[in-house]
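Both backbone and side-chain heavy atoms feed into the values below; hydrogens, waters and symmetry mates do not. Letters go in sequence order (proteins before strands), and every chain restarts at 1.
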There are 2 protein chains.
Amino acid sequence: MATKARRAPRRTDALSREVIVEAATQILDTGGEEALTLRALTVRLSTGYGALYHHVANKDDLLAAAADAVIARAMTDVTAEGEPRETLRAIALSLFDAINAHPWLGAQLSRGPWRPALLEIYESVGEQLEALGVPEYALFDSAGALVNYILGVAGQNAANARAAKDVDRTASLAAVAVQWAQLDPARYPRLHKAAARLREHDDRRQFLAGVDLFLAGIETVRRRLPEK
Amino acid sequence: MATKARRAPRRTDALSREVIVEAATQILDTGGEEALTLRALTVRLSTGYGALYHHVANKDDLLAAAADAVIARAMTDVTAEGEPRETLRAIALSLFDAINAHPWLGAQLSRGPWRPALLEIYESVGEQLEALGVPEYALFDSAGALVNYILGVAGQNAANARAAKDVDRTASLAAVAVQWAQLDPARYPRLHKAAARLREHDDRRQFLAGVDLFLAGIETVRRRLPEK
DNA sequence: ACCTGAACACCGTTCAAGT
DNA sequence: ACCTGAACACCGTTCAAGT
């Protein structure tokens, strides 16, 4: 307490990319995207900026790595034992839950189809669609549509989580419902009417309904081709 | 040239929220999201920070307003004259084209279903689904699924545009295709194989294929109910 | 009411210097 | 090789002061 320029307590164990990514993930989960600053990381890991940049290219790299780790975990959680349709629903739900638990994933998944996290998703979805019997010519479009749907929901979920913050989910849903109800019925008749439905709606259930809609569409493509 | 602290040329016409939003849109279109700084706006409009903040709450507000204007224009471009199915495809394509022309829209559309831009989209999609004969109990989920699909594609498009920058589209597609081809065939067999297809694929066509897949799925819901 | 621009707090990133 | 931390360039935002 006496010496004013006391050296910061030096960490004993070596730093590593994994340790940094892990710490970043915890900061993101606890405080959201805005809480993750390089400064916050140096404090948490009792280290300096240079040490971080020695293991990580930059902040984007760090965010991408954190997203990859979380997605990979979510994908391996799914057992591909059962029926392809059920496995697809399980994949979708696992992703939904992961994005809900880590809302910052939303922004990371909109970063182009070459990031590892998306590769993982495309591969798994493609595998199950193939098992489902989707003909090869339709596989590319079908997988793209399903993944993009998942990403769309991911983005909206992230936005909701960002807006909700500490407020609980039902309260913020109710707030939006109130807004919709106040919309001019002449200009937005359907939204105005749907406000009631919005309040009682279940994100997860609606997400799955969308997946099923999509699978039903796939089914029609599959049937369009004669048994081979 | 002699006086060192010459007063900046003062604008003669009054500033307004519309003028600011318009200027912001042009900066975004020309230089991308990162080009829009408050500084750049003051230079372009030959004004000061306070003037901007007098008409606009903050940068987020400005971005949202720019997005609303572009989306509203894209939606009114669509004529709702023909068959609902064709109108839905036209809405989807109009949005796709708008997002392509203004890639910064991608991030703005992932901001929760209470922003005006999304209200516009939900209302129009809902209207056409209703006209298509989707029963009321399924309207909410169907509209949600379709809009979320569009948003997912929007996010990916924005990411592509961000990555492509000056590089032309086919070149960056080819680059991703090369990456996919280099993936370990044991770990990513389907992506590895799909690399060839990726190179020759057409974003816009694939987007529409996804829309059709959803519409086909919706059709099965519609048929599940007896004629009323 | 509308606008100016210096100042503030806070970013991500760099780099000379230490061990 | 791995790490430290002052320094740099650049944000969005504020606000006392002008017209």
**Request:** For residues B:Phe214 and B:Tyr149, establish whether the separation of their ring centroids is below 6.0 Å.
**Result:** yes
**Request:** Could you please spell out the steps behind the salt bridge (charged side-chain N to carboxylate O under 4.0 Å, His left out) verdict for A:Arg115 and A:Glu120?
**Result:** CA-CA 9 Å; A:Arg115 303 303 267 261; A:Glu120 213 75 40; over 6 Å; no
**Message:** One pair to check against salt bridge (charged side-chain N to carboxylate O under 4.0 Å, His left out): B:Arg17 and B:Asp61. What are the steps and the verdict?
**Reply:** CA-CA 11 Å; B:Arg17 191 176 159 92; B:Asp61 179 32; 3.1 Å; yes
**Item:** Watson-Crick and G-U pairing of DNA chain D written in dot-bracket, each distance under 3.5 angstrom, with | for inter-strand partners
**Value:** ||.|||||...|||||.||
**Message:** Closest approach to the side chain of B:His54, judged atom by atom: which nucleotide of C:dA1, C:dT4, D:dC3 is it?
**Reply:** C:dA1
**Prompt:** Expressed in angstrom and rounded to an integer, what is the separation of B:Leu52 atom CG from C:dG5 atom P?
**Reply:** 12 Å
**Message:** Counting only side-chain nitrogens and oxygens, does B:His55 get under 4.0 Å of the OP1 or OP2 atom of C:dA1?
**Reply:** no
Atom pairs under 3.5 Å: protein N/O with N/O of nucleotides 6-12 of chain D:
| unit_1 | atom_1 | unit_2 | atom_2 | d |
| --- | --- | --- | --- | --- |
| D:dG12 | OP1 | B:Lys59 | NZ | 2.5 |
| D:dG12 | OP2 | B:Leu38 | N | 3.1 |

**Request:** Report yes or no: does A:Glu123 contribute a side-chain atom to a donor-acceptor pair with the main-chain N or O of B:Leu191 at less than 3.5 Å?
**Result:** yes
**Asked** Nearest heavy-atom pair of B:Leu173 and B:Arg199: which atoms, and what distance?
**Response** CD1-O, 4.3 Å
**Note, B:Val211 side chain near B:Leu88 side chain (heavy atom, < 4.5 Å)** = no
**Message:** Please report the interatomic distance CG(A:Leu38) to OH(A:Tyr53), rounded to the nearest 0.5 Å.
**Reply:** 4.0 Å
**Request:** Please state how far atom CG in A:Leu45 lies from atom P in D:dG5, giving the value in whole angstrom units.
**Result:** 14 Å
**Request:** Report yes if some heavy atom in the side chain of B:Leu118 is under 4.5 Å from a heavy atom in the side chain of B:Leu151; otherwise report no.
**Result:** yes
